[in-house]
Amino acid sequence: MKKLLYILTGFALLFSSCDNEEDRIFDLDADTRIGEAVNGYQDLLLSAENGWITNYYPNAEILGGFTFLFDFNEDGTVKVAWDINETVETSLYKLSSIERPQLAFDTYSNFSKMTDPEIGEQGVGMGGDYELYFERVSENQDTIYLEGKTNESTMVLVRATQADWTNINKLKDMEAKLIKEEGIHPFYRNLVVEGSDQKFMLSYFEDMRRLNFSFTNDQGKYEVINMGVHFTPVGFDLHEPLVIDGKKVTSFAYDAENKKFLVSNEGIDGEVVFEAEAPCKFKGAAKMYYDMGWDSYEYLSPKLLEKISALNDLGEGEINYFYVSAYYDFWNDVTLYFDDWTSVGFDIAKFEKFDEDQLIMHDGGFDSWDYEEADFMANEGGKALYDILFDANGWTVVPLVVKEYGGTCAIVSNSDPEIFFSMQN
Amino acid sequence: MLGVFLFGSCSNDEDLGESLIDTSTPELNETDQWIRENFTIPYNIEVKYRFDDAEVDNGKVLTPAKLEKVRPFLEAMKTVWIDPYAEYGGEDFVKMMVPKLLVLVGSHNYNKNGSIILGQAENGRKVTIFDINYFDPANKTIMDRIFSTMQHEFGHILHQNVMYPLEYEKITPGYTTAWMNYGKSDALVMGFITAYSMNNPNDDFVEMIAKMLTKSREEWNKYVESAYVSSWDPDYELLLKQKEEGIAKIRQKEEMVVNYFLQVWNIDLYELQAHIHEVTVNLANK
């Protein structure tokens, strides 16, 4: 029995052996492959003679897009141009592989604004990424797709042309056209597409680079499509298509001669035209915007400023800003501040048509510590302000940014739509 | 026979190829080279000025430092912090105590409640400094803020190595994590040099160091007595008395901090204070 055991053990040892033959799926080990991938991306980035261009949406849910140009150099520096800032900045970049190959902009440049806690909401920033994973490269090697490591923002780098480095400074001009076109009031700008009865009223919110398309839907209700945009040398593009009767509208080009934006998608005839009527009525807009306690002003239209400019002669200081306290049923007044902090204003006794998108304000009495009512009313600008505020035709509340809480609106005079002010809470 | 099988084995003389560990010297740019010569070689300090998410709190929104701010900041840091300590505490003291890793971050570091973290020290080894992009040697407010942070964090390293006397924390026992509800004058009246020093005894101790070493002796003396008490206050007399008590407590702490420096580290804090003030003024006027 013992012998048998020895023999069996001997056989076991005889046939046991090492197998050093591994079936490798890849020719090279993982580290070498990662190293090669990183080097490959490095070579690709350096291969673009004029660098790369991207329309980057740091937080596509709430913000529009910004255009950046990157010119990567072998010495680890990258030149960065941004459509908001004309200065081309140089910073460092690094390619590495932590989980997978990634590109990091690891010293400050224009691009760092996308992750700067001072820009946008304090401490939160714009929600962009400074480190991005390489996702894929187009077959012709002209497009690189990246995804942000922290906030998963998308970056699509496309080979840039020399012209892009000049054109990037023109994008701001296109934005200026969208903010306000010369000689034309900005409200009731309607997008009209040939063959469709559906009209959209455009309003642009500069701080967030978003467009509102307000319209009356099939059920006759007010609806808003809020969408991010980025600018091009000829106009602007929408982040996602706006579908009108099955047609996808994405691009607009500015027609300088006729001072208007035209839809530039092939096969679609459309334009943004200025009309006396808005294509929709936002029921409850006045209440929605007024009942939350407004306490700041955003902007006074040039025509409104011009009408009240004589007020600059009233005191020491010049007109500085409007301050609107609008706590409905509680406290309402409109106060005009001068830059020497003197002020003049009126209480508002009541509003009419408050549940619609209309406001008619009623004088609740002159209110100022600094000026006499008689002097104010004797001033041409003071009288004009009084007449404008308490105009019996009233005002229309035009939503600019629609949010569940807070938002921005413009208060547009019904007698003259070039007279308006906008407010944000 | 069995032995032959037993000792027979497979050959593992396989060529393992090149090592995967990259031991090559990284390519150094001008800033890297300067850091190597002025921080790494003499003091064994690694400076991470390129943003590295492994070194910061990923729950925060932060930005990288501006490259052009890095060297001026580090030069100032050497002038205002390392060199004076080397002169008054000795080279060995600096080599031993200085944090081995400095992480520079460009932006503010906001807390959810809106307050700002100026710097962080971890285990005496690593110090993270924020706000580098706002660095300006001619701006006293910014200089005070940044170097007060450095002195504060370095103070932690010192007491983590040799603790200050326990009697210190008995001077003002009213420490509270709700320190942010107090103003500067409230703190001074209660015997704390800053509101943040109310956080705990360690922060109290290092806030004393930080305030002393970012002011001249004269400015320091003025600051200790600078609590505002309104003569309109119905309790004016009482408040005045409390203010005097507060000053006395801070002076008591001052004495302990100065003794700690002298006895433990053989450094005359007043001399160090005067020297740092002088080089800071020179730097601003450069």
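Letters A, B, ... are given to chains in the order of the sequence lines, protein chains preceding strands, and every chain is numbered from 1. Both backbone and side-chain heavy atoms feed into the values below; hydrogens, waters and symmetry mates do not.
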Separation of Y110(B) OH from E118(A) CD (nearest 0.5 Å): 3.0 Å

Is [X] atom [atom1] crowded by more than 12 heavy atoms from other residues, nucleotides or ligands, each under 6.0 Å away?
X       : atom1 : result
K94(A)  : NZ    : yes
E36(A)  : CD    : yes
Y175(B) : OH    : yes

Min side-chain heavy-atom separation [X]-[Y] under 4.5 Å:
X       : Y       : answer
F51(B)  : T107(A) : no
L67(B)  : Y108(A) : no
E131(A) : D53(B)  : yes

Is chain B contacted by the side chain of [X], its backbone, both, or neither, given a heavy-atom distance below 4.5 Å?
X       : value
S91(A)  : neither
K149(A) : side chain
E89(A)  : neither
Y93(A)  : backbone

Sub-3.5 Å donor-acceptor pair from the side chain of R50(B) to the main-chain atoms of F105(A), do we have one? no

Per-residue contact mode, [X] against chain A (heavy atom under 4.5 angstrom):
X       : answer
N29(B)  : side chain
I132(B) : neither
N111(B) : neither

Where do Y130(A) and D52(B) come nearest, in terms of heavy atoms and distance? OH-C, 4.2 Å

Taking every non-hydrogen atom, the tightest pair across D116(A) and T63(B): CA-CG2, 3.2 Å

Among I98(A), D106(A), T77(A), which residue forms the greatest number of heavy-atom pairs with chain B at distances under 4.5 Å? D106(A)

